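Below: the structure, in structure tokens.
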Number of protein chains: 2
Amino acid sequence: MATQTAQGEAEIVNPLVDLIGYQLRRSSSALMGDLARSLEPYDLRPSEASVLVLIDANPRITQSEIGRILAIKRANMAPLSAALEQRGLIERAPVDGRSQGLTLTAKGSELLKDVRALIVANERRFLGKLDHSERAKLIALLQECWTEA
Amino acid sequence: MATQTAQGEAEIVNPLVDLIGYQLRRSSSALMGDLARSLEPYDLRPSEASVLVLIDANPRITQSEIGRILAIKRANMAPLSAALEQRGLIERAPVDGRSQGLTLTAKGSELLKDVRALIVANERRFLGKLDHSERAKLIALLQECWTEA
DNA sequence: TATTGTTATACTCTATAACTATA
DNA sequence: TATAGTTATAGAGTATAACAATA
């Protein structure tokens, strides 16, 4: 791979490109950075967007359940959902004495429509070339990396 | 996918699993977390390990070049290489008046042997099931996500 | 006893701005 | 003017410890 220049200067070699860990880190970073920039006008972080998607699919889900599914610690879920509630995107309703179910407000549902479109656009931007079966295989391959390894 | 429980409680659904961005984030996080734990006894972060690998392959490489290749800002490379130098893992030699070439010390090379073994073990732990062609395809697929998209 | 939600805290990675010294 | 290295600073994400209230 390392070609020579006219001056004989050594071309820089990056052995990391052969590592899947490195490729995962770089591609994840590229996708998340792109999504973060898309969400910026809405003052929403990717993690907040993922929480909204999960609440929409599971009305009255609790913070602890969200944390377990998305691998976000309870301690970090607290300020995250407090911010979403303060902005009027979600509301809390007591499930029992200690837990509260989270549900999207009308404002939250409205925002989520735009967010979904941004997410779809983000996916297309990076994986538009892949056909359906390639995409499915990639998803299955990646999922093996973090589920019950 | 959503099955019913005996009590009729709604099973929690995670629509994010169909997104490649989500799968990339979770698998990258799982791999990097595992690698970070492996490197912990050496008091080395994954980013520091990647810099050592790059310096080893390119003696007298400058901080700016490393930053451009690994997508680490110059401002963040400064304390990173200062720490590696202070620990006696790399040394600096002036290239011209403003830049310095970085090279591994004997101690750095010795450490890198262990680090390489940990990296290989980390890759195997998550992707041992994949054969060579599957692995190559995955790498190529991921690389498309972040190189000159 | 275990779980939910919370606060406080710290570390890593990332990002921008501003400065100097040199090309 | 542009680049290399540095410092200061800030924002996200992630981690642990500890606490009160509740199951």
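Just so it is clear: chains get the letters A, B, ... in the order the sequence lines come, proteins before strands, and each one is counted from 1. Keep in mind that what you see is a predicted model, and the values were worked out from it rather than measured.
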remark   = Sorted by position of nearest nucleotide on DNA chain D, 5' first, the leading residue of B/R68 and A/D43 is B/R68

request  = Could you state the atom-to-atom distance from CG of B/D34 to P of D/dT14 in whole Å?
outcome  = 17 Å

inquiry  = Which is more 5' along DNA chain C, the nucleotide nearest A/S29 or the one nearest A/M77? Just name the residue.
reply    = A/M77

Ionic contact status for B/D43 with B/R45, cut-off 4.0 Å = yes

inquiry  = Using whole Å, what does the distance between atom P of nucleotide D/dT6 and atom CG of B/L80 come to?
reply    = 11 Å

message = In whole Å, I'd like the distance from the CD1 atom of A/I90 to the C1' atom of C/dG5.
response = 13 Å

key: Residue-phosphate contact under 4.0 Å: A/S47 side-chain N/O, D/dG13 OP1/OP2   = yes

Sub-4.5 Å side-chain heavy-atom contact between A/S81 and A/R92 = yes

query = If only side-chain N and O atoms of A/R37 are considered, is one of them under 4.0 Å from the OP1 or OP2 phosphate oxygen of C/dT14?
reply = no

Out of C/dG5, C/dT14, D/dA8, whichever nucleotide has its closest atom nearest the side chain of B/N76 = C/dT14

request  = Using only side-chain N and O atoms of B/R74, determine if any of them is under 4.0 Å from OP1 or OP2 of C/dA17.
outcome  = no

ask   = Among D/dG5, C/dT16, C/dG5, which nucleotide sits nearest the side chain of B/Q100?
value = D/dG5

query = With no angle test and no hydrogens, is the base of D/dA4 tied to the side chain of B/D96 by a donor-acceptor pair under 3.5 Å?
reply = no

request  = Round to a whole Å and report the spacing from CG of B/L35 to C1' of C/dT12.
outcome  = 14 Å

message = Within the 4.0 Å heavy-atom criterion, would you say B/A36 contacts the bases, only the backbone, or no part of the nucleic acid?
response = nothing

message = I need the CD1-C1' distance between B/I66 and C/dT14, as an integer number of Å.
response = 18 Å

task = Answer yes or no: does a side-chain N or O of A/R25 lie under 4.0 Å from OP1 or OP2 of C/dT14?
result = yes

message = Just the rounded figure in Å: distance from P of C/dT4 to CD1 of A/I61.
response = 12 Å

message = Less than 4.5 Å apart, side chain to side chain, heavy atoms only: is that true for B/L142 and B/L24?
response = yes

request  = Record whether the side chain of B/R98 comes under 3.5 Å of the base of C/dT22 through a donor-acceptor pair of N or O atoms.
outcome  = yes

Expected output: side-chain B/E144 to main-chain B/L141 donor-acceptor under 3.5 Å = no

ask   = Could you give the CE-to-P distance, from A/M32 to C/dA15, as a whole number of Å?
value = 14 Å

message = With a 4.0 Å cutoff (strictly under), does any side-chain N or O of B/S64 reach OP1 or OP2 of D/dG5?
response = yes

inquiry  = Among B/E85, B/R87, B/E91, B/Q86, which residue satisfies the side chain to side chain contact (heavy atoms under 4.5 Å, CB included) criterion with B/L89?
reply    = B/R87

message = Quick check: do A/L102 and A/V51 have side-chain heavy atoms less than 4.5 Å from each other?
response = no

inquiry  = Without decimals, in angstroms, what is the distance between A/K73 NZ and C/dT12 P?
reply    = 17 Å

ask   = A/R45 side chain: which of C/dA15, D/dG13, D/dT16 is closest?
value = D/dG13

